[in-house]
Amino acid sequence: NNLTLFRATRTAKIGARAGRLSRLVKVMRFLPGIGVSRGSGEEGEKLRQIQNQLTNVLSKRVACLTILLVIVMPLCSIGTYPEGDFSKQAFVESLWRRAGDVKAVYQTETCTGLADGVTNPCEVAWEQYRQSIFEFGSFYKDQPYGPYKVCIDESDHPLEGCWDISSEARSFEPTRKSFRLLVRSNGLISIFDWAEPTKSEARVGLVLITLVIVLMCGACTLLNYSASELAVRPLERMLTSIKNSAKAIFSSCDAIGAAEDDDEFGPEMGSEVALLERVVKKIATLAELSQKKNPWDEADLFGMKNEELGVFAMTHASGVFNPNAASHEIDGQVNGRTEISVTMQWQLEEIGIDYQVLLSWQFNVLTLETVKLEKIAFWMLMNNPGSSNWTENYVEGKKLREFVSRLASKYLDNRYHNFMHALDVSHSVFRYLSMVQADAFLSMLDQFALLVAAIAHDVGHFGMTNGFLIETQHELAVLYNDKSPLENMHCSRLFEILAEAPCNIFTAAEASQFKECRKLIIDAILHTDITQHPAMVKNLELLFEMNSKVLSRADAMASGAPVLSDGEIEIFSAPENKRLIQQTLLHGADIANPAKPWAIAYDWAHRVLDEYAQQGDQEKALGIPVQVLNDRDKVNRPNSQVGFIEFLVTPFIVAKVRLFRGFAELPELLEGNLLTWERVWAEESNPNEAEREKVRERVEKICHSLQSSWEIKEL
């Protein structure tokens, strides 16, 4: 009937079952995503053996430790006072009933003035109560604990007071209050000397703690030894072998040149892992040298005379070499201008535009005369610092003027999607190319093609959204299967114009170059479709997270250095990343108005909402659903801009700023406009306090996101 033994037995049974859980470790390795890639052949077999041995040994150690803990720990409580002993409470309740009998006798019986020889009922009741107390104390005389005092604390009770029973129980009042145990039943209290059980539990607790520490230390030692023998030491032997082999690899690379001298093997090598990385880089260098067919890069070829290129043609594998093709492969990083010439500035001043204004966000196409729009578009296409060397040599000015004029004529007189919007977007791309230092990773032809995409990205737009075209089954939606019908149409119109000989500004480009330009332009324009926006934001965030160590720029921020690092250039030059950046520059310019000075942002916001309202009028006339922003009678313009900034512009700008520090000024402009839109909304709508507070919370959250977009991350 010992409750502690029963619990210990049950715990041991649970521990035995827990040990079987070690088998689960073996089963889990077969689950998708959990199993370790083991390679193939002999190497894969070795990895499997190491994994199996390590899994078996560690699982056994953990199972044994679990069993020991769940079995041994409860056993330590066997020698302590059993928790199931209710004798104390039973005795106290019995004494209280006896005391109640005495009280009842005193209240109902006459205990004074009795004749001689007549039994006094009060004395009989009192004697029975005293005998019960004596039995209570005697019961514990052979125990290491017992009662030493019994008290009744009811004022109207005839037995009120305390009885000293220390002699009967052989227990005495302890010196410390913590050794006292009070057992109560209504008005009766029994005080026990609980010193010995308390000390016994403390001793057992110390033993238990010591045992757990010993078990854990032993288990850790075993686990460490097992991991060391089965994993660490084999890896050490492998890395040592790599280190020895590396000497031969590094010593064989002396012929690479002085630039590689710092890679020589030496005793200062910090770790075998770092050495392994250097070995891999060295092998990659050797592989690149062995596979490179042309020992001259395009930068070396540019500027060579025909005679020199003819000599080079003799060494070309095909025996045929096109000098023009080499000239076209201009690397913008090497040959691109960073500033425009004085002549270019004079040309701009003749149009009536100050170059410093053009290089700022104060440039406002809405204030320009119509005759200046095409001239400025021509000037930016021809004189963009990152592509002007290419345009000067390979783009005819007459064809470029005709191209711009023809393109401008194809833009309709919409409230928003007009040639002014195209020029505004082109100006933003013009500035973005400089802000992100595009010369470092985009060729001159890439930059020129991106500017062409900007000026033509909305050509032929007739002021309706893709949703409207799809809803009304417009011929463009039918033609392009509901997939970005407007953007596809813009691309088609652009290349129809380029197909005209007087407008073909890519005449000097090789077929392969024009093919790449066409691919770039189409891809960039198609990604101005707003449905591509969420995926683009996600891709920008992924690009940063995957390269956060390089792109965090803690050193650059500390030094104030504006130049891209070699690591950043390498990341941005990757084909898939370059493509994403080109999409980002054009799409970012297309929705850039909220991050421009207030007067410009305000005018463009009302223009686009006016165009939406015109579409809403047509939707009402056709009896089709009116889109949210298109109902001129319901839309709140300032609040719509708060939402546009919150859900579209802010995440996009935050993602851009994390990648390029050149965009650092955009969050400040956007935040200022957001606060102004909030104020205008409050003035025009006169909202109640609850609505005002709700919008205030949204704005504060957006501002916090913008302010933290440029904080240096601790990696």
Side-chain angles (χ1 to χ4, degrees), residues 407 410-426 428 453-494 522-537 583-584 586-594 601-652:
L407 192 70
K410 294 296 183 180
Y411 273 91
L412 303 183
D413 189 22
N414 299 314
R415 183 74 174 129
Y416 179 81
H417 290 98
N418 49 42
F419 188 67
M420 288 188 294
H421 168 67
L423 182 60
D424 183 64
V425 171
S426 299
S428 297
I455 197 65
H457 81 283
D458 273 334
V459 62
H461 201 297
F462 39 84
M464 301 297 164
T465 64
N466 282 329
F468 179 85
L469 301 186
I470 295 171
E471 182 70 25
T472 58
Q473 297 184 5
H474 190 275
E475 59 180 355
L476 288 179
V478 175
L479 178 63
Y480 296 112
N481 300 313
D482 294 346
K483 295 180 180 179
S484 305
L486 282 171
E487 288 71 26
N488 276 292
M489 181 266 291
H490 301 325
C491 295
S492 178
R493 295 285 173 84
L494 167 61
I522 293 174
D523 184 65
I525 292 179
L526 289 181
H527 278 81
T528 59
D529 186 349
I530 200 64
T531 60
Q532 302 290 335
H533 179 87
M536 198 178 301
V537 173
Q583 298 167 2
T584 300
L586 182 54
H587 177 59
D590 198 23
I591 61 171
N593 294 323
Y602 180 85
D603 287 344
W604 281 116
H606 280 280
R607 280 177 170 269
V608 71
L609 290 171
D610 288 344
E611 194 170 286
Y612 285 162
Q614 291 173 1
Q615 177 177 315
D617 295 340
Q618 289 198 36
E619 289 170 337
K620 292 177 182 178
L622 294 173
I624 62 177
V626 180
Q627 298 181 35
V628 178
L629 294 177
N630 299 356
D631 194 333
R632 66 172 72 247
D633 300 323
K634 297 181 180 179
V635 68
N636 184 301
R637 294 196 168 195
N639 191 47
S640 71
Q641 292 306 297
V642 173
F644 183 70
I645 292 173
E646 178 181 12
F647 298 114
L648 288 177
V649 185
T650 296
F652 192 69

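Hydrogens, waters and symmetry mates play no part in the numbers below; they use all other heavy atoms, side chains included. The chain is numbered in sequence order, starting from 1. The shown structure was predicted, so the numbers you read here are calculated from the model rather than taken from an experiment.
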Test side-chain hydrogen bond (donor to acceptor under 3.5 Å, both in side chains) applied to Glu611 and Gln615, step by step
CA-CA 6 Å; Glu611 194 170 286; Gln615 177 177 315; over 6 Å; no
Does the plane of the ring in His490 sit parallel, tilted or perpendicular to the ring in His461? Use 30° and 60° as the thresholds.
parallel
Nearest-0.5 Å distance that lies between atom CG in Asp458 and atom CG in Asp590:
6.0 Å
Say you draw a straight line from CG of Leu526 to OG of Ser484; how long is it, rounded to the nearest 0.5 Å?
6.0 Å
Taking the side chain as every heavy atom from C-beta outward, state whether Gln641 and Leu609 have any pair of such atoms under 4.5 Å apart.
yes
How about CG on Asp633, more than 12 heavy atoms from neighbouring residues, nucleotides or ligands closer than 6.0 Å, or not?
yes
Does Asn488 offer a backbone N or O that forms a donor-acceptor pair with the side chain of Ser492 under 3.5 Å?
no
Asn414 side-chain N/O to Tyr416 backbone N/O, donor-acceptor pair under 3.5 Å:
no
Do Asn466 and Glu487 pair up side chain to side chain, a donor and an acceptor below 3.5 Å, judged on atom types alone?
yes
Taking C-beta and beyond as the side chain, do Phe468 and Thr472 meet within less than 4.5 Å on heavy atoms?
yes
Exercise: identify the closest heavy-atom pair between Ala453 and Leu586
CB-CD2, 4.0 Å
Under a 3.5 Å cutoff, is there a donor and acceptor pairing between the side chains of His527 and His457?
no
